[in-house]
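A quick note: this is a predicted structure, and the numbers were derived from the prediction, not measured.
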Amino acid sequence: DIMTQLDKHALADIVLHQASHMWFGNLVTMKWWNDLWLNESFAVFMATLALDQAKGFEPFHLSAWRVFHKNVAVAIKEDQERTTHPVTTSVTTTEEAENLFDSITYWKGASVLKQLYYFLGADVFQLGVKEYFNRYKGGNTELKDFISCMRTALQMQREEADLNYWVDLLSIIHI
């Protein structure tokens with residue numbers, strides 16, 4: 001069988017998504033299911049970013065964000081249903097956690113990370129992620145830990161951004 005360009009894109013996306021779990025999920029993982037999105041949304045966002053920017057993936061540079069936004073549209077539609085939930089939410093049982101493996105957690109969460117990436121800038125975001133890995137490798141984290149690393153990156157770059165405002169916005173839109 002001959003693979004179409006869309007098939008190749010899907011395969012590359014799956015490989016990159018799973019590879020990113022070596023960092024987001026294995027090296028550092030969420031403390032509890034409340035922050036499942038820290039693993040899954042990161043894997044989605046980083047896979048798309050790699051498809052868009054990495055050497056060797058040039059055939060996918062034009063389609064990476066187009067496919068990303070199609071999937072975000074599905075998440076937005078799902079977000080309008082009675083079964084909607086915040087990206088980060090209180091979880092008390094395994095069954096509740098199993099229900100979080102959906103387009104809201106993966107794609108809406110990834111769109112929030114994309115927003116943060118552009119809000120802070122690529123250099124600060126990358127420095128913050130590096131700090132996150134260095135500080136928490138082999139450990140478990142929550143959203144506040146990740147935000148703390150982004151703040152550290154801002155300070156290291158001698159830049160300012162109101163992350164309190166950004167986190168507050170997340171709670172307003174029930175993320």
What are the two closest heavy atoms between [X] and [Y], and how far apart are they?
{"X": "H61", "Y": "A54", "value": "NE2-O, 3.2 Å"}
{"X": "S111", "Y": "V72", "value": "CB-CG2, 4.0 Å"}
{"X": "G109", "Y": "S41", "value": "CA-OG, 3.2 Å"}
{"X": "A12", "Y": "L51", "value": "CB-CD2, 3.7 Å"}
{"X": "G128", "Y": "A153", "value": "N-CB, 3.4 Å"}

If I take atom [atom1] from residue [X] and atom [atom2] from residue [Y], how far apart are they, to the nearest 0.5 angstrom?
{"X": "T88", "Y": "D35", "atom1": "OG1", "atom2": "CG", "result": "4.0 Å"}
{"X": "F57", "Y": "S63", "atom1": "CZ", "atom2": "OG", "result": "11.5 Å"}
{"X": "N26", "Y": "S20", "atom1": "CG", "atom2": "OG", "result": "9.5 Å"}
{"X": "R66", "Y": "D52", "atom1": "CZ", "atom2": "CG", "result": "11.5 Å"}
{"X": "T152", "Y": "N134", "atom1": "OG1", "atom2": "CG", "result": "11.5 Å"}
{"X": "I104", "Y": "E81", "atom1": "CD1", "atom2": "CD", "result": "9.0 Å"}

Quiz item: In a check of ring pair (Phe, Tyr, Trp, His ring centres under 6.0 Å) between F125 and each of F119, Y118, Y117, which one passes?
Solution: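 With F125 as partner, ring pair (Phe, Tyr, Trp, His ring centres under 6.0 Å) holds for just one option, Y117.
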Quiz prompt | F24-F45 aromatic ring centre distance below 6.0 Å | solution =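 Not under 6.0 Å, so no.
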Practice problem: Using the six-membered ring wherever Trp is involved, compare the ring planes of F146 and F42 and label them parallel, tilted or perpendicular (cut-offs 30° and 60°). | Solution: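 Correct class here is perpendicular.
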Same cluster (ILVMFWY, side-chain, under 4.5 Å), [X] and [Y]:
{"X": "I14", "Y": "M22", "value": "no"}
{"X": "V15", "Y": "Y106", "value": "no"}
{"X": "Y132", "Y": "M156", "value": "no"}
{"X": "W33", "Y": "L143", "value": "yes"}
{"X": "L16", "Y": "L113", "value": "no"}

So, the side chain of [X] versus the backbone of [Y]: is there a donor-acceptor pair under 3.5 Å, distance only?
{"X": "T4", "Y": "D7", "value": "yes"}
{"X": "T105", "Y": "L100", "value": "yes"}
{"X": "E78", "Y": "I76", "value": "no"}
{"X": "D145", "Y": "E142", "value": "yes"}

What I'd like to find out is whether the side chain of [X] reaches to under 4.5 Å of the side chain of [Y], using heavy atoms alone.
{"X": "L163", "Y": "L120", "result": "yes"}
{"X": "V44", "Y": "F68", "result": "yes"}
{"X": "F60", "Y": "V67", "result": "no"}
{"X": "E131", "Y": "M150", "result": "no"}
{"X": "K8", "Y": "P59", "result": "no"}

Exercise. Would you please test N140 and T29 for side chain to side chain donor-acceptor pair (under 3.5 Å) and show each step?
Key: CA-CA 5 Å; N140 303 99; T29 195; 5.1 Å; no
Near [X] [atom1], under 6.0 Å, is it more than 12 heavy atoms from other residues, nucleotides or ligands?
{"X": "K31", "atom1": "NZ", "answer": "yes"}
{"X": "E58", "atom1": "CD", "answer": "yes"}
{"X": "Q5", "atom1": "CD", "answer": "yes"}
{"X": "E96", "atom1": "CD", "answer": "yes"}

Exercise. Report the C-alpha distance between H85 and D102 in whole Å, list the side-chain angles of each, state the deciding distance to 0.1 Å, and finish with yes or no for side chain to side chain donor-acceptor pair (under 3.5 Å).
Key: CA-CA 10 Å; H85 59 84; D102 62 8; 2.7 Å; yes
Exercise. Applying side chain to side chain donor-acceptor pair (under 3.5 Å), run through H69 and K114 and close with a yes or a no.
Key: CA-CA 11 Å; H69 288 291; K114 181 182 179 196; 2.8 Å; yes
